[in-house]
Amino acid sequence: MEEGVKAAPWTIRHEATADAASVDALVAAAFGPGRFAKSAYRLREGVDPIESLSLIAIEDGVLRGSVRFWPVMVGPAKLLMLGPLAVQSDQRGRGIGIALMKHGIEEARKTDFAAIILVGDEPYYSRVGFTRLPPGRLRFPGPVDPARILGVSIATDGLLSLEGDVKRYRV
(Lines give C-alpha, C1' and ligand atoms only; values in the text may rest on other atoms or scores of the structure.)
Protein backbone atom coordinates (compact mmCIF):
# COMPACT_ATOMS: atom_id res chain seq x y z
CA MET A 1 0.00 0.00 0.00
CA GLU A 2 1.24 3.42 -0.88
CA GLU A 3 1.65 5.38 2.35
CA GLY A 4 -1.25 7.74 2.94
CA VAL A 5 -3.78 6.42 0.41
CA LYS A 6 -6.79 8.74 0.09
CA ALA A 7 -9.79 6.41 0.46
CA ALA A 8 -12.63 8.95 0.58
CA PRO A 9 -12.70 12.00 2.82
CA TRP A 10 -10.21 10.11 5.01
CA THR A 11 -6.69 8.85 4.40
CA ILE A 12 -5.58 5.32 5.23
CA ARG A 13 -1.99 4.88 6.33
CA HIS A 14 0.17 2.56 8.38
CA GLU A 15 -0.07 3.02 12.11
CA ALA A 16 3.03 4.74 13.51
CA THR A 17 4.46 4.27 16.99
CA ALA A 18 3.16 7.75 17.86
CA ASP A 19 -0.41 6.59 17.01
CA ALA A 20 -0.49 3.73 19.55
CA ALA A 21 -2.02 5.68 22.45
CA SER A 22 -4.76 7.13 20.23
CA VAL A 23 -5.52 3.71 18.75
CA ASP A 24 -5.68 2.16 22.22
CA ALA A 25 -8.08 4.91 23.36
CA LEU A 26 -10.27 4.34 20.28
CA VAL A 27 -10.39 0.58 20.91
CA ALA A 28 -11.19 1.13 24.60
CA ALA A 29 -14.04 3.50 23.68
CA ALA A 30 -15.38 1.08 21.06
CA PHE A 31 -15.20 -2.16 23.06
CA GLY A 32 -14.90 -1.25 26.75
CA PRO A 33 -13.06 -3.16 29.47
CA GLY A 34 -14.92 -6.41 28.76
CA ARG A 35 -12.81 -6.86 25.64
CA PHE A 36 -9.95 -8.36 27.67
CA ALA A 37 -12.07 -11.37 28.62
CA LYS A 38 -12.61 -12.40 25.00
CA SER A 39 -10.77 -15.37 23.51
CA ALA A 40 -9.32 -13.24 20.72
CA TYR A 41 -7.53 -11.10 23.32
CA ARG A 42 -5.93 -14.17 24.84
CA LEU A 43 -4.30 -14.85 21.48
CA ARG A 44 -2.92 -11.29 21.37
CA GLU A 45 -1.34 -11.30 24.83
CA GLY A 46 2.44 -11.07 24.59
CA VAL A 47 2.36 -10.87 20.79
CA ASP A 48 2.80 -7.78 18.65
CA PRO A 49 0.46 -7.06 15.76
CA ILE A 50 1.94 -7.27 12.27
CA GLU A 51 3.34 -3.77 11.89
CA SER A 52 2.91 -3.62 8.11
CA LEU A 53 -0.78 -4.54 8.50
CA SER A 54 -1.67 -2.11 11.29
CA LEU A 55 -3.68 0.61 9.57
CA ILE A 56 -5.48 3.77 10.60
CA ALA A 57 -7.94 6.13 8.93
CA ILE A 58 -7.32 9.85 9.48
CA GLU A 59 -9.66 12.67 8.50
CA ASP A 60 -8.83 16.32 9.12
CA GLY A 61 -6.08 15.24 11.52
CA VAL A 62 -8.50 13.11 13.59
CA LEU A 63 -8.20 9.33 14.04
CA ARG A 64 -11.46 7.88 12.69
CA GLY A 65 -10.66 4.16 12.69
CA SER A 66 -8.03 1.47 13.04
CA VAL A 67 -7.45 -2.18 12.30
CA ARG A 68 -4.70 -4.56 13.32
CA PHE A 69 -3.80 -8.07 12.22
CA TRP A 70 -2.12 -10.59 14.54
CA PRO A 71 -0.15 -13.75 13.75
CA VAL A 72 -1.73 -17.03 14.86
CA MET A 73 -1.26 -20.69 13.95
CA VAL A 74 -3.56 -23.62 13.43
CA GLY A 75 -1.39 -26.71 13.22
CA PRO A 76 1.43 -25.81 10.81
CA ALA A 77 -0.64 -23.11 9.03
CA LYS A 78 0.34 -19.50 9.66
CA LEU A 79 -2.73 -17.29 9.73
CA LEU A 80 -3.68 -13.73 10.53
CA MET A 81 -6.37 -12.80 13.01
CA LEU A 82 -8.13 -9.54 12.22
CA GLY A 83 -9.04 -7.31 15.11
CA PRO A 84 -9.85 -5.23 16.71
CA LEU A 85 -11.45 -3.17 13.98
CA ALA A 86 -12.52 0.07 15.64
CA VAL A 87 -14.28 3.14 14.27
CA GLN A 88 -15.34 6.23 16.20
CA SER A 89 -18.94 5.65 17.25
CA ASP A 90 -20.21 8.81 15.54
CA GLN A 91 -18.43 7.85 12.31
CA ARG A 92 -19.88 4.36 11.86
CA GLY A 93 -21.78 3.68 8.66
CA ARG A 94 -19.48 5.82 6.50
CA GLY A 95 -17.44 2.88 5.17
CA ILE A 96 -14.31 3.52 7.23
CA GLY A 97 -14.16 -0.01 8.66
CA ILE A 98 -14.76 -1.62 5.26
CA ALA A 99 -12.05 0.56 3.67
CA LEU A 100 -9.56 -0.34 6.42
CA MET A 101 -10.27 -4.05 5.98
CA LYS A 102 -10.01 -3.92 2.19
CA HIS A 103 -6.62 -2.25 2.42
CA GLY A 104 -5.48 -4.69 5.10
CA ILE A 105 -6.58 -7.74 3.12
CA GLU A 106 -4.88 -6.38 -0.01
CA GLU A 107 -1.63 -5.95 1.93
CA ALA A 108 -2.01 -9.35 3.61
CA ARG A 109 -2.14 -11.04 0.20
CA LYS A 110 1.52 -10.01 -0.24
CA THR A 111 2.57 -12.03 2.83
CA ASP A 112 3.14 -15.73 3.38
CA PHE A 113 0.09 -16.12 5.62
CA ALA A 114 -2.55 -18.57 4.35
CA ALA A 115 -5.76 -16.94 5.56
CA ILE A 116 -7.33 -14.38 7.84
CA ILE A 117 -9.72 -15.39 10.61
CA LEU A 118 -11.82 -13.40 13.05
CA VAL A 119 -14.71 -13.62 15.46
CA GLY A 120 -17.50 -11.32 14.30
CA ASP A 121 -20.82 -10.69 12.60
CA GLU A 122 -21.03 -12.46 9.25
CA PRO A 123 -23.36 -9.93 7.55
CA TYR A 124 -20.81 -7.15 8.11
CA TYR A 125 -17.57 -9.00 7.41
CA SER A 126 -18.97 -10.87 4.41
CA ARG A 127 -18.87 -7.50 2.61
CA VAL A 128 -15.09 -7.99 2.27
CA GLY A 129 -15.17 -11.74 1.58
CA PHE A 130 -15.32 -13.43 4.99
CA THR A 131 -17.45 -16.56 5.31
CA ARG A 132 -18.52 -18.65 8.27
CA LEU A 133 -16.23 -21.59 8.96
CA PRO A 134 -17.78 -25.00 9.65
CA PRO A 135 -18.44 -25.40 13.40
CA GLY A 136 -15.76 -27.34 15.26
CA ARG A 137 -12.95 -26.82 12.74
CA LEU A 138 -11.23 -24.08 14.74
CA ARG A 139 -10.92 -24.13 18.50
CA PHE A 140 -10.16 -20.88 20.31
CA PRO A 141 -8.65 -20.66 23.81
CA GLY A 142 -11.92 -20.02 25.59
CA PRO A 143 -15.57 -19.79 24.65
CA VAL A 144 -16.43 -18.50 21.18
CA ASP A 145 -19.78 -18.69 19.41
CA PRO A 146 -19.02 -21.06 16.49
CA ALA A 147 -21.43 -19.12 14.24
CA ARG A 148 -19.15 -16.07 14.60
CA ILE A 149 -15.89 -17.71 13.47
CA LEU A 150 -15.21 -16.34 10.01
CA GLY A 151 -12.35 -16.62 7.55
CA VAL A 152 -11.07 -15.60 4.15
CA SER A 153 -8.27 -17.27 2.18
CA ILE A 154 -5.42 -15.03 1.09
CA ALA A 155 -3.40 -17.88 -0.38
CA THR A 156 -4.85 -20.52 -2.69
CA ASP A 157 -7.07 -22.81 -0.61
CA GLY A 158 -5.82 -21.18 2.61
CA LEU A 159 -8.91 -22.31 4.54
CA LEU A 160 -9.57 -25.62 2.77
CA SER A 161 -8.02 -28.07 5.25
CA LEU A 162 -7.70 -25.75 8.22
CA GLU A 163 -8.61 -27.54 11.44
CA GLY A 164 -7.38 -27.45 15.02
CA ASP A 165 -6.50 -25.18 17.92
CA VAL A 166 -5.86 -21.50 17.25
CA LYS A 167 -2.58 -20.61 18.99
CA ARG A 168 -0.37 -17.57 19.45
CA TYR A 169 2.43 -17.16 16.99
CA ARG A 170 5.34 -14.76 17.26
CA VAL A 171 6.79 -13.59 13.97
Side-chain angles (χ1 to χ4, degrees), residues 1 7 12 14-15 23 26-28 30-57 65-87 92-171:
M1 177 182 77
I12 294 179
H14 290 102
E15 180 184 328
V23 169
L26 175 65
V27 170
F31 297 102
R35 69 190 182 281
F36 295 111
K38 295 181 178 184
S39 292
Y41 270 84
R42 293 182 192 157
L43 293 165
R44 296 178 189 132
E45 290 174 349
V47 179
D48 292 326
I50 304 294
E51 190 175 310
S52 64
L53 299 176
S54 295
L55 304 172
I56 61 172
S66 72
V67 68
R68 291 175 172 163
F69 293 79
W70 304 78
V72 295
M73 290 191 83
V74 174
K78 295 188 319 181
L79 310 175
L80 293 166
M81 185 174 61
L82 186 153
L85 170 67
V87 175
R92 293 183 186 147
R94 294 181 61 207
I96 295 169
I98 296 295
L100 283 164
M101 286 191 294
K102 284 181 177 178
H103 282 280
I105 293 167
E106 179 182 313
E107 289 297 300
R109 291 188 190 285
K110 301 173 189 172
T111 70
D112 64 346
F113 291 94
I116 303 170
I117 60 171
L118 61 84
V119 179
D121 296 323
E122 185 179 20
Y124 179 72
Y125 291 98
S126 67
R127 294 168 57 191
V128 294
F130 284 89
T131 59
R132 186 179 311 167
L133 298 181
R137 285 202 28 214
L138 296 185
R139 293 178 298 277
F140 279 74
V144 171
D145 179 351
R148 293 175 48 84
I149 299 174
L150 310 175
V152 64
S153 291
I154 55 175
T156 303
D157 299 328
L159 292 174
L160 196 59
S161 62
L162 196 60
E163 187 168 351
D165 294 331
V166 180
K167 296 181 179 182
R168 288 184 198 124
Y169 170 64
R170 288 178 179 84
V171 177

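Predicted model, so just to flag it, every value in this text is computed and none were measured. Residue numbers start at 1 and run along the sequence shown.
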Residues passing the side-chain hydrogen bond (donor to acceptor under 3.5 Å, both in side chains) test with Asp112, sequence neighbours excluded, are Lys78
Asp145 meets the salt bridge (Lys or Arg N to Asp or Glu O under 4.0 Å) criterion, sequence neighbours left out, with none
Of Leu100, Val67, Val152, Ile117, the one forming a side chain to side chain contact (heavy atoms under 4.5 Å, CB included) with Leu82 is Val67
For Arg94, the salt bridge (Lys or Arg N to Asp or Glu O under 4.0 Å) test, sequence neighbours excluded, returns Glu59
Taking every heavy atom of Leu53 against every heavy atom of Phe69, the minimum-distance pair comes out as O-CD1, 3.1 Å
Between the CZ atom in Phe113 and the CE atom in Met81, the distance rounded to the nearest 0.5 Å is 11.5 Å
**OP:** Start with the C-alpha distance between Ile116 and Phe130, add both sets of side-chain angles, then the distance that settles side-chain contact (heavy atoms from CB on, under 4.5 Å), and finish with yes or no.
**Re:** CA-CA 9 Å; Ile116 303 170; Phe130 284 89; 3.7 Å; yes
Applying side-chain hydrogen bond (donor to acceptor under 3.5 Å, both in side chains) to Arg92 and not counting sequence neighbours gives none
So OG of Ser153 and CD1 of Ile105: to nearest 0.5 Å the spacing works out to 11.5 Å
Rounding to 0.5 Å, atoms CD1 (Ile12) and CD1 (Ile96) come to a distance of 9.0 Å
Looking only at heavy atoms, the pair that brings Ala77 and Leu162 closest together is CB-CD1, 3.9 Å
Here the gap from Leu150 atom CG to Leu138 atom CG, rounded to the nearest 0.5 Å, amounts to 10.5 Å
- prompt: Do Leu43 and Trp70 pass the side-chain contact (heavy atoms from CB on, under 4.5 Å) test, and can you show the C-alpha distance, the side-chain angles, and the key distance before you say yes or no?
  reply: CA-CA 8 Å; Leu43 293 165; Trp70 304 78; over 6 Å; no
Inset, instruction - Let me see the working for Met101 and Tyr125 under side-chain contact (heavy atoms from CB on, under 4.5 Å), right down to the final yes or no. - result: CA-CA 9 Å; Met101 286 191 294; Tyr125 291 98; 3.4 Å; yes
Backbone N/O of Glu122 and side chain of Arg132: donor-acceptor pair under 3.5 Å = no
Report task. Return yes if some donor-acceptor pair links the side-chain N/O of Arg68 with the main-chain N/O of Pro49 below 3.5 Å, else return no. Result -> no
Correct closest heavy-atom pair for Pro135 and Pro146 would be CB-CB, 4.1 Å
Walk me through it: do Val166 and Arg139 pass the test side-chain contact (heavy atoms from CB on, under 4.5 Å)? CA-CA 6 Å; Val166 180; Arg139 293 178 298 277; over 6 Å; no
All heavy atoms of Pro71 vs all of Val47, minimum pair found to be CG-CG1, 3.7 Å
Worksheet item: Should Leu55 and His14 count as side-chain neighbours, where that means a heavy-atom distance under 4.5 Å?
Response: yes
Heavy-atom closest pair (Ile56 atom, Ser66 atom, distance to 0.1 Å) is CG2-CB, 3.9 Å
For Arg109, the salt bridge (Lys or Arg N to Asp or Glu O under 4.0 Å) test, sequence neighbours excluded, returns none
Closest non-hydrogen atoms of Leu80 and Ala108, given as atom of the first, atom of the second and distance, are CD1-CB, 3.6 Å
For Arg137, the salt bridge (Lys or Arg N to Asp or Glu O under 4.0 Å) test, sequence neighbours excluded, returns none
**Study point:** Side-chain (Arg170) to main-chain (Asp48) donor-acceptor, under 3.5 angstrom
**Key:** no
Basic-acidic side-chain contact under 4.0 Å: Glu107, Lys110: yes
